[in-house]
There are 2 protein chains.
Amino acid sequence: MIFSSKAEYGVRLMVELGRQSPEHPTSLKAIADAEGLPLAYLEQVVARLRKAGLVMSARGAHGGYWLARPAEKIAMDEVVYALEGTIAPMECFVHDHTERVLCSHEPDAGRGCATKLLWMRVQGGVIRSLQTTTLAELVEFSRRHERSEPEPPEPDLSAPRRAAVVA
Amino acid sequence: MIFSSKAEYGVRLMVELGRQSPEHPTSLKAIADAEGLPLAYLEQVVARLRKAGLVMSARGAHGGYWLARPAEKIAMDEVVYALEGTIAPMECFVHDHTERVLCSHEPDAGRGCATKLLWMRVQGGVIRSLQTTTLAELVEFSRRHERSEPEPPEPDLSAPRRAAVVA
DNA sequence: ATAAATCCTACCAGTGCGGTCGGGTTATGA
DNA sequence: TCATAACCCGACCGCACTGGTAGGATTTAT
């Protein structure tokens, strides 16, 4: 259960754009250098963000990218959705524009998919987490943590302390 | 962002076991037939559940599997964890035995990982959803949704596992 | 004109996933 | 006692998808 690296890179890119003033555009090369990411790959990533209307671009020399909206107005579910294409815990959640959710097994007859309840709850949890986080928060977080001092007692963001990795 | 089919199959298997009385074990073959899943693959799946102590088994003729605990006492985060190995939205969440969380990029120097905040919230959302769902709920759900008549034995072997979803 | 940058499409190698196969080992029961 | 039903285990395999590269075309500032 993992987001692809497109999500990772794309979010980093958005944060980086959020740190810049939107006066003049930021080039991909600058971001690639700052984050140590492959430029050619970033191009593919940022294309998704552009098509989703989250960033704008200018071509030519001194061109680059900037946020289409202020970071406070950008919820992270939009960003992740643009990057990943879908936010679903299971591929049987691919549903057409209607409300029908069909599962690969138990195709239509018989009982409803027993796992559906579970995956819907998980999906709800994920989407809620993303919706309630704005890009501005991440920008702020990254500003606080840049190489000045050790982390202040970070107000625990609802991450349970239970052992996340059981051997 | 997707769980693997191990999670899907494993959860179905657990639900199926929850529907049976724990008096006598249920054979994998029965479950495989009921759900239309490949038996040999189910063996791998159930092995994880057994190693995690969620199911017990008896070998030999009339052997099979049963829940190690009543379904009310089984939270789904245990199940998914046993099946997936880890519940993390991003592989940079692989952290060693200490508390350090290290990210693939921005290795040690400089600011903390800007995306960390986001992924931790997502992870929290997922884990909370799973923790607050018990196997008993899923069993109950599946009981509610079963048609009165048992499904006709439709031998749809060789049903394409993968592409059946996208219309 | 040249350089800096976005844009676009095709391609490629590795890995992980879903699944199979073959062969144990253990228990029942005829 | 012996066949059979089931669990158990490890090796293997094709393929789709991911992460990344290559190469070029277009646009714009200097």
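Computation of the quantities below employed the complete heavy-atom set of this structure, encompassing side-chain atoms and omitting hydrogens, waters and symmetry-equivalent molecules. Naming convention: chains lettered A, B, ... in sequence-line order (proteins, then strands); numbering from 1 in each chain.
Comparing dC8(D), dT6(C), dG18(C) against the side chain of Y65(B) picks out dC8(D) as the nearest. Of the candidates dT28(C), dC21(C), dC7(D), the closest approach to any side-chain atom of S27(B) belongs to dC7(D). Nearest to the side-chain atoms of P38(A) among the listed nucleotides dG19(C), dA29(D), dT21(D) stands dT21(D). Taking every side-chain heavy atom of S4(A) into account, dG19(D) is the closest of dC7(D), dT6(C), dG19(D). In the set dC7(C), dG18(C), dT21(D), the nucleotide with an atom closest to the side chain of R50(A) is dC7(C). Nearest to the side-chain atoms of A61(B) among the listed nucleotides dA27(C), dG23(D), dG20(D) stands dA27(C).
Rounded to an integer number of Å, the gap from E35(B) CD to dG18(C) P is 17 Å. Atoms OH (Y41(A)) and P (dC17(D)) sit 14 Å apart, rounded to a whole Å. Atom CG in L13(B) sits roughly 16 Å away from atom P in dG18(C) (whole-Å rounding). Atoms CD (E84(B)) and C1' (dG16(C)) sit 12 Å apart, rounded to a whole Å. One interatomic measurement links the two molecules: CD1 of I31(A) to P of dT6(C), which rounds to 9 Å at whole-angstrom precision. Distance CZ (R48(B)) to C1' (dG18(C)): 12 Å, rounded to an integer number of Å. In this structure, CG of L39(B) is placed 14 Å from C1' of dG22(C), rounded to the nearest angstrom. Taking atom CG of L42(B) as the reference point, atom P of dT20(C) lies 11 Å away to the nearest angstrom.
By the 4.5 Å heavy-atom criterion applied to side chains, D77(B) and V126(B) are not counted as neighbours. Using a 4.5 Å heavy-atom cutoff, the side chains of V79(A) and L135(A) are not in contact. When side chains are defined from C-beta on, E137(A) counts as touching R121(B), because their heavy atoms get closer than 4.5 Å.
Under a hydrophobic clustering in which Ile, Leu, Val, Met, Phe, Trp and Tyr are joined whenever their side-chain heavy atoms come within less than 4.5 Å, directly or via other members, I127(A) and L118(B) fall into the same cluster.
Taking side-chain N and O atoms only, Y9(A) has no distance below 4.0 Å to OP1 or OP2 of dG19(D). Here S5(B) does not reach the OP1 or OP2 of dC17(C): none of its side-chain N or O atoms lies under 4.0 Å away.
Using a 4.0 Å heavy-atom cutoff across all strands shown, A58(B) reaches sugar-phosphate atoms only and no base atom.
Residue whose closest nucleotide on DNA chain C sits further toward the 5' end, between T26(A) and E43(B): T26(A). When each of A40(B) and G60(A) is assigned the nucleotide of DNA chain C bearing its nearest heavy atom, the one mapping closer to the 5' terminus is G60(A). Comparing V46(B) and H62(B) against DNA chain D, the residue whose closest nucleotide sits nearer the 5' end is H62(B).
Applying the side chain to side chain contact (heavy atoms under 4.5 Å, CB included) test between K29(B) and each of T26(B), I31(B), D33(B) identifies D33(B) as the sole match. Evaluated for a side chain to side chain contact (heavy atoms under 4.5 Å, CB included) with I74(A), the options T134(A), L54(A), L138(A) yield exactly one hit, L54(A).
In this model, no side-chain donor or acceptor of R59(A) finds a partner on the base of dT27(D) within 3.5 Å. Taking only distance into account, the side chain of Q44(B) meets the base of dT20(C) through a donor-acceptor pair shorter than 3.5 Å.
Rounded to 10 degrees, the angle separating the terminal helix axes of the helix from dA1(C)-dT30(D) to dA30(C)-dT1(D), each built from five base pairs, is 0°.
Residues satisfying the ring-ring contact (aromatic ring centres under 6.0 Å, His included) criterion with W119(A), sequence neighbours excluded, are F3(B).
Note on E16(B) versus R12(B): no salt bridge recorded, every NZ/NE/NH1/NH2 to OD/OE distance being 4.0 Å or above.
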